[in-house]
**Q** 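First, the structure itself, so that you have it in front of you.
Below, all heavy atoms of this structure are taken into account, side chains as well, without hydrogens, waters or symmetry copies. Letters A, B, ... are given to chains in the order of the sequence lines, protein chains preceding strands, and every chain is numbered from 1.
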There are 2 protein chains.
Amino acid sequence: MDSFDMKIIEVLMDNSRIKWADLAAQIGLSAPAAAERVSRLQEQGIIKKFGALIDADLAGCELTAFVAVSLARPEHRGPFLQLMNSLAEIQECHHIAGEDDYLLKIRCRNTKDLDRVISHEIKGLEGIIRTKTTIVMDTAKETTRLPIHKGR
Amino acid sequence: MDSFDMKIIEVLMDNSRIKWADLAAQIGLSAPAAAERVSRLQEQGIIKKFGALIDADLAGCELTAFVAVSLARPEHRGPFLQLMNSLAEIQECHHIAGEDDYLLKIRCRNTKDLDRVISHEIKGLEGIIRTKTTIVMDTAKETTRLPIHKGR
DNA sequence: TGTGAAATAGTTCATTT
DNA sequence: AAATGAACTATTTCACA
């Protein structure tokens, strides 16, 4: 990943529908050269996908919560992760260091909906020792941008 | 937001570089009609932006952490939020209910880099009572998809 | 709001440097 | 690896429903 690729990523993180000619002009390359670099970045997996970022509130997801989960034993992980992947409300699932095992980011309609996800879906599984829920009252910043480094 | 808009959002969340003609075919509309609906969704703020999703690890951000922050008094919020917005490493900043005031999602290069952000940048501010850091060891799921409801 | 056709604009590919 | 230009596609605009 050279400095052209870094510039391409910078631009595409903010505007993935840009025309190749315009992207090329911004980075100082011809359109075909820019287009080829973008496909290469996709093949390498550096660009995972191009997606629309939707306003959660306006799309009817007015509640955001973080839920820490503790599992009884390692063999409960498989079914737990399978459930996480199947639930649309689970936006993120991180295996964490510390007191608890997993930290989830959940987006749903309202508190009743959150109760369904936590009390029925998640706690319905075997091996869930406890959950600790943190309600988000306001989101001051939320971005998919990353500080891009030289990579590998 | 009618059912055409919901389908459009569904498709665009996964592939924002789709040709309008192909999007139109998927939802059963003509290309100009689809393109017009997309601009309307952007004007309404439902589509916030089109962006590339970058693999954090491959882009050199190998460390993810969640940091809970407590502020001494409400007047410390302004400078704190200003700092959050200025730091590229802060991907998310949520005002939360409970023991702490804010929950941050931080993406950076390594533990040394995290130390710089927390110990120097954040704790360098006045009014920071304490921070509690949770290191992410593995991310099992991370998506920008949302369960789309009827909206408003 | 939607459609279809014409005009405009962008992308891709073969070739050259 | 990248630029160029021609052939091929896609998008946008506009008249009309």
**Q** Salt bridge or not between A:Glu89 and A:Arg116? Use side-chain N to carboxylate O under 4.0 Å.
**A**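 Judged by the 4.0 Å cut-off on N to carboxylate O distance, A:Glu89 and A:Arg116 do form a salt bridge.
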**Q** Check this for me, if you would: do B:Asp2 and B:Arg37 make a salt bridge, where the nitrogen-to-carboxylate-oxygen distance has to be below 4.0 angstrom?
**A**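 So B:Asp2 pairs with B:Arg37 through a salt bridge.
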**Q** How long is the line joining CH2 of A:Trp20 and P of C:dC13, in whole Å?
**A**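 So the CH2-P distance, A:Trp20 to C:dC13, works out to 14 Å.
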**Q** Which whole-number value in Å describes the distance from B:Glu43 CD to C:dT1 P?
**A**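 Taking CD of B:Glu43 and P of C:dT1, I get 11 Å after rounding.
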**Q** Within the distance-only criterion (no hydrogens, no angle test), does the side chain of A:Asp100 pair as donor or acceptor with the backbone N or O of A:Tyr102 below 3.5 angstrom?
**A**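 Not confirmed, A:Asp100 side chain does not pair with A:Tyr102 backbone.
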**Q** If you find the nucleotide of DNA chain D closest to A:Arg17 and the one closest to A:Leu29, which residue's nucleotide is nearer the 5' end?
**A**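 Of the two residues, A:Leu29 wins.
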**Q** Quick one: A:Glu36 CD to C:dC13 P, roughly how many Å, whole number?
**A**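 Between P of C:dC13 and CD of A:Glu36: 10 Å.
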**Q** Starting from C1' on C:dT1, measure out to CD1 on B:Ile8 and report it in whole angstrom.
**A**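 For the pair B:Ile8 CD1 and C:dT1 C1', the rounded distance is 12 Å.
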**Q** Report yes if the distance between the aromatic ring centroids of A:Phe50 and B:Phe50 is under 6.0 Å, otherwise no.
**A**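 A:Phe50 vs B:Phe50: aromatic centres not under 6.0 Å.
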**Q** Is it true that B:Glu142 and B:Arg107 have a side-chain N and a carboxylate O under 4.0 angstrom from each other?
**A**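 A salt bridge is present here (some side-chain N lies under 4.0 Å from a carboxylate O).
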**Q** Answer yes or no: are there more than 12 heavy-atom neighbours, outside B:Glu121 itself, under 6.0 Å from its atom CD?
**A**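 Yes, enclosed.
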**Q** Contact boundaries of DNA chain D with chain B (under 4.0 Å, heavy atoms), 5' to 3'?
**A**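 Listing 5' to 3', DNA chain D meets chain B from D:dA10 to D:dT13.
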**Q** Under 4.0 Å between any heavy atoms, over every strand shown, what does B:Arg40 touch: base, sugar-phosphate, or nothing? Just pick one.
**A**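 B:Arg40: backbone/sugar contact only, no base atoms under 4.0 Å.
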**Q** Please compare A:Pro32 and B:Ala31 by the position of their nearest nucleotide in DNA chain C and report the one closer to 5'.
**A**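 Result: B:Ala31.
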**Q** Which of the following nucleotides, C:dG2, C:dT3, C:dT11, is nearest to the side chain of A:Lys19?
**A**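 Between C:dG2, C:dT3, C:dT11, the one nearest the side chain of A:Lys19 would be C:dT11.
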